[in-house]
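See structure below.
Chain identifiers are assigned alphabetically (A, B, ...) following the order of the sequence lines, protein sequences preceding nucleic acid strands; residue numbering begins at 1 within each chain.
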Amino acid sequence: MSDETKLDSGEANNDTVHTNFIEDIIDADLKAGKNAGKVATRFPPEPNGYLHIGHAKSICLNFGVAKKYNGICNLRFDDTNPETEETEYVEAIKDDIRWLGFEWDGLYFASDYFDAMYDHAMTLVKDGKAYVESLTPDEIRQYRGDFNTPGKNSPYRDRPVDENIEMFEKMKAGEYKDGEICLRAKIDMQSPNMNLRDPIVYRIRHARHHRTGDKWCIYPMYDWAHGLEDSIEGITHSLCTLEFENHRPLYDWFLEQLPVHHPQQIEFARLNLNYTVMSKRKLLQLVKENHVDGWDDPRMPTICGMRRRGVSPSSLRKFSDRIGMAKRENVADIALLEHVMREDLNETSPRLMGVINPLKVEIENYPKDKEEFFEAPLHPEDDRWGSRQIPFCRELYIEQDDFKEDPPKKWFRLSPGTEIRLRYACLITCKEVVKDQNGNVEKLICTWDPESRGGNAPDGRKVKGTSHWVSARHAEKITVRQYDRLFNVENPNKVEEGQNWLENLNPNSLEILTGCYAEPYIRELKPEARIQFERIGYFVADRYDFTPETPIFNRTVTLRDSWAKIEKNQGSANRGQKKQPQPAKNQKKTDSTAPAEITIDDFAKLDLRVGTIKEASLVEGADKLLQLQVDIGAGKPRQVFAGIRKRFENPEEIIGKNVIVVANLKPRQMKFGLSEGMVLAAGGKENRLELAEVLGDTLPGDTVS
RNA sequence: UGGGACGUAGGCCAAUUGGUAGGCCCCAGGUUUUUGGUACCUGUCAUUGCAGGUUCGAGUCCUGCCGUCCCAGCCA
């Protein structure tokens with residue numbers, strides 16, 4: 001089933017019950033008879049990077065609105081800056097949008113309109129509403145003023161119209177160098193809105209454009225271009241993100257000066273996702289510095305990355321619906337994304353069996369040479385998928401996690417003497433554990449109940465545990481790439497002064513396992529086939545690397561694992577004797593792996609020492625940091641960077657103080673140098689912050705306890 | 001410090017436009033189950049940023065505070 005047909009069947013969009021504020025506006029417009037009852041939107045990417053899930057939100061919005069109102073949605077590349085844009089991105093963006101399940105009505109480029117834009121600009125010049133500026137970029141900045149200072153009119157502001165026309169023509173003809181002059185709109189240098197202080201309309205760039213080649217050496221600025229693009233295409237509602245709110249008066253101003261259609265700009269809040277980064281700059285850096293394997297690395301929040309991860313287009317659309325649409329800044333929870341991924345994949349993925357960490361099982365009462373097949377449905381809730389035959393023989397693999405020699409409470413998987421079901425096959429009982437010299441479990445000797453074919457015992461005895469398995473003789477060796485969140489912390493952008501956001505990367509975000517086994521049916525799969533390995537998770541046959549001979553699977557998302565939760569809760573219950581009083585119902589996911597309390601032993605690991613501050617100085621380029629040299633009685637003083645500058649703007653005053661230093665902290669390489677410890681201070685905010693001092697007769701190096 | 005926006009549960013979004021706060025995710029429990037999956041059920045969680053005012057009645061209207069975000073590119 002193609003994703004397009006799925007979209008048409010409405011499974012993705014029809015669970016939105018409420019309208020959003022944008023649809024409310026459109027409803028009102030329609031009711032008022034605006035735009036002759038038409039709705040036209042557009043998705044306007046700049047072809048200078050790959051699309052990410054934030055763009056997906058915008059794509060779903062624009063195409064979704066058009067569809068809902070029987071309107072149109074164009075794809076328009078906003079290619080007004082030749083220096084950063086490339087054709088390579090154009091094709092990638094088109095692929096991503098189609099894959100997401102949308103088809104544009106018109107395909108356009110801003111560069112298609114360069115002639116019209118130039119003509120309109122000339123109109124502005126002739127009307128005395130634009131002038132050629134001869135100030136340098138630096139002077140322009142100075143003349144613009146700042147938030148508190150009104151701008152000053154440029155000396156060229158009243159250049160005669162004829163001269164403006166002539167210079168603008170020469171500008172177009174290439175008679176000036178980059179940055180030498182530019183065209184500015186004559187609006188209001190005193191405006192509190194900086195965008196209205198005579199914004200630049202055209203700048204000179206002697207650069208080759210990916211579509212128009214060398215035809216132009218002047219290129220329109222965003223504010224000038226965008227409204228015209230929308231106008232030319234007859235867009236009715238121009239949807240963009242919040243940061244363009246301040247630009248709307250300019251968007252409107254330009255269009256009001258011309259006898260053209262005037263679309264309405266409406267801003268919405270962009271998508272932020274926790275545990276990831278979304279800015280083009282940071283994504284580029286991840287790629288360039290090889291923290292990931294490229295733009296389509298399955299850990300990337302790019303559309304092509306998620307595609308390679310095995311995320312389905314419909315789950316991305318569903319996610320886009322579920323997060324809603326509003327004007328307030330937001331951070332969506334990646335747990336919601338994972339939830340819709342599972343929800344979608346549960347319905348659409350055939351089930352297979354694969355063993356990630358194999359443990360050999362020998363069925364001692366099963367004949368050595370015998371083989372047989374068990375039939376198993378490909379989907380337990382949807383028999384349209386049909387079934388497949390799974391081979392079985394004396395030697396099998398099960399998951400290491402499904403056996404424990406000393407089972408904990410509530411364990412109903414395999415352990416010595418217990419019986420479990422091999423899914424869709426039979427019941428087995430563990431008779432013996434074979435170990436190697438090091439005491440590692442090497443193999444399990446089991447017996448099977450021949451009466452339990454298919455997995456049910458005729459005597460009706462209940463067997464609670466069910467394990468997945470693979471016949472050793474028939475197993476296909478597969479490679480599994482287990483992906484996890486790229487970052488360890490909810491907000492990777494939030495870093496201490498001097499710390500780098502890259503330090504928040506999750507070092508375990510990729511684990512490649514080569515010794516895995518799967519049932520033979522995987523030979524039937526094609527690249528990009530999404531499957532579930534039962535009881536483990538959803539996987540996808542890698543788009544590029546998978547072949548029947550080199551079966552490589554990417555883990556899309558694990559199944560929910562309630563046993564892991566039980567185990568974890570048991571663990572923390574044992575540690576704290578009684579059940580932890582849930583400290584906060586909002587237990588953050590970041591903290592959930594760390595124990596809620598530490599013991600005295602943990603605390604004793606801290607080597608706290610008295611230290612005398614010998615030197616203290618401001619750190620240039622860091623408005624929170626002080627650089628300290630602290631004598632802790634160990635010969636060479638320790639260099640410590642402390643975020644206390646707001647309190648001690650004059651560092652001199654803390655020299656000589658006896659403070660408490662964490663002496664056995666692993667040194668951290670900061671932008672400014674190595675920080676070899678930490679000083680303790682009290683107070684959360686800078687405006688009430690005091691160093692913890694040791695008073696009385698103590699010497700550097702004395703222990704603090 | 002000027003201007004523009006935004007504040008509803010741990011997160012995200014609703015609230016018939018002035019009628020007494022609801023859904024999804026998360027979290028905790030339970031039922032069903034040949035996936036400790038799915039599905040279903042239950043529960044925890046909000047004096048709607050704060051303080052006043054108008055009104056029989058305010059999340060919605062008014063006033064004043066507070067907090068957060070955006071804007072000083074010849075980027076988009």
Side-chain angles (χ1 to χ4, degrees), chain A residues 15 17-20 44-46 48 78 80-81 83-84 133 136-137 140-141 144-151 178-184 191-197 199-205 219 221-223 225-226 240-249 267 269 274 280 322-333 335-340 342-343 346-347 351 353 376 380-381 410-413 421-425 427 454-456 463-468 490 532-537 558-567 569 582 584-589 592:
Chain A
D15 52 20
V17 191
H18 303 288
T19 59
N20 58 51
E46 185 189 8
N48 71 346
D78 207 358
T80 56
N81 184 351
E83 291 178 322
T84 57
E133 174 66 273
T136 65
I140 290 177
R141 198 176 318 119
R144 186 153 40 219
D146 58 35
F147 297 148
N148 306 306
T149 323
D178 284 10
E180 194 175 345
I181 60 171
C182 62
L183 187 73
R184 287 235 253 176
S191 173
N193 183 339
M194 303 295 278
N195 294 309
L196 262 21
R197 318 246 261 229
I200 288 160
V201 176
Y202 270 97
R203 80 286 212 181
I204 302 173
R205 287 286 174 276
Y219 292 93
M221 297 289 290
Y222 168 86
D223 289 296
H226 205 88
C240 63
T241 45
L242 247 30
E243 65 267 31
F244 292 103
E245 223 154 17
N246 294 321
H247 294 246
R248 191 178 352 118
E267 310 84 14
N274 56 18
K280 261 181 198 173
R322 296 277 178 92
I323 52 173
M325 184 62 63
K327 290 195 77 159
R328 78 170 96 156
E329 297 284 346
N330 61 84
V331 183
D333 194 342
L336 177 59
L337 210 213
E338 290 168 351
H339 176 264
V340 295
R342 292 189 183 106
E343 190 175 67
N346 176 51
E347 280 179 33
R351 269 57 168 180
M353 287 200 284
E381 277 124 31
K410 292 188 183 172
W411 176 265
F412 44 84
R413 273 118 94 150
R421 172 172 29 249
L422 295 180
R423 179 139 232 230
Y424 297 130
L427 267 20
N456 279 316
V463 175
K464 209 162 183 201
T466 301
S467 282
H468 55 280
E490 275 204 48
Q532 182 193 109
F533 280 131
E534 292 220 37
R535 303 210 311 131
I536 303 174
T558 61
L559 253 32
R560 285 184 62 189
D561 188 351
S562 50
W563 168 248
K565 273 181 199 170
I566 294 169
E567 215 175 14
N569 291 342
Q582 290 298 329
K585 34 225 138 194
N586 56 326
Q587 234 190 13
K588 289 281 187 265
K589 276 146 248 118
S592 60

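Between the side chain of A:Arg342 and the backbone N or O of A:Thr558, at least one donor-acceptor pair lies under 3.5 Å.
A:Arg351 contributes a side-chain N or O that forms a donor-acceptor pair with the base of B:rU35 under 3.5 Å. With hydrogens and angles ignored, a donor-acceptor pair under 3.5 angstrom links the side chain of A:Gln532 to the base of B:rU35. Between the side chain of A:Glu381 and the base of B:rG37 there is at least one donor-acceptor pair of N/O atoms closer than 3.5 Å. For A:Arg248 against B:rG4, no side-chain N or O and base N or O form a donor-acceptor pair under 3.5 Å.
By the rule that a glycosidic angle within 90° of 0 means syn, B:rG64 does not qualify and counts as anti. With its glycosidic angle within 90° of 0, B:rU17 adopts the syn conformation.
A:Glu267 has its CD atom 18 Å from the P atom of B:rA76, to the nearest Å. B:rU35 atom C1' lies 10 Å from atom CZ of A:Arg413, rounded to whole Å. To the nearest angstrom, P of B:rC25 lies 14 Å from CG of A:Leu337. For the pair A:Asn330 CG and B:rG10 P, the interatomic distance rounds to 17 Å; values are reported in whole Å. Atoms CG (A:Asn20) and C1' (B:rC12) sit 14 Å apart, rounded to a whole Å. Nucleotide B:rG36 holds its C1' atom 11 Å from the NZ atom of A:Lys410, rounded to whole Å. We find that CG of A:Asn346 is positioned 11 Å from P of B:rC40, with the value rounded to whole Å. Remark: C1' of B:rG3 and CG of A:Asn148 are 10 Å apart, rounded to the nearest angstrom.
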Next on the checklist: Can you build the contact string for nucleotides 69-74 of chain B? Use B for base contact, S for sugar-phosphate-only contact, and - for no protein heavy atom under 4.0 Å.
Outcome noted: SBBBSB
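One C1' atom belongs to B:rC69, the other to B:rU31, and the distance between them is 46 Å to the nearest Å. Taking atom C1' on both nucleotides, B:rU1 is separated from B:rA15 by 39 Å, rounded to a whole Å. A distance of about 14 Å separates the P atoms of B:rG7 and B:rC62, rounded to the whole Å.
Take the nearest nucleotide of RNA chain B for A:Tyr424 and for A:Met325: the residue whose nucleotide is more 5' is A:Met325. Of the two residues near RNA chain B, A:Ala269 and A:Leu336, the one whose nearest nucleotide lies more 5' is A:Ala269.
No side-chain donor from either of A:Arg423 and A:Thr466 sits under 3.5 Å from a side-chain acceptor of the other.
Within the 4.0 Å cut-off from OP1 or OP2 of B:rA76, not a single side-chain nitrogen or oxygen of A:Lys280 is found. Side-chain N/O atoms of A:His468 include none lying less than 4.0 angstrom from OP1 or OP2 on B:rU35. OP1 or OP2 of B:rC12 has not a single side-chain nitrogen or oxygen of A:Arg322 nearer than 4.0 Å. OP1 or OP2 of B:rG7 has not a single side-chain nitrogen or oxygen of A:Lys327 nearer than 4.0 Å. For A:Ser191, no side-chain nitrogen or oxygen approaches OP1 or OP2 of B:rG3 to under 4.0 Å. Between A:Thr80 and B:rA76, a side-chain N or O to OP1/OP2 separation shorter than 4.0 Å is present.
Among the heavy atoms of the strands lying under 4.0 Å from A:Pro380 is at least one base atom, whether or not backbone atoms are also near. Looking at heavy-atom distances under 4.0 Å, A:Asn48 makes no contact with the nucleic acid at all.
Within a 6.0 Å radius of NZ in A:Lys464, no more than 12 heavy atoms belonging to other residues, nucleotides or ligands are found.
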Checklist entry - Which dot-bracket string fits RNA chain B when only Watson-Crick or G-U wobble pairs with both atom distances under 3.5 Å count, crossing pairs get [ ], and | stands for a partner on a different strand? => result .((((((..((((.....[..)))).(((((.......))))).....(((((..]....))))))))))).....
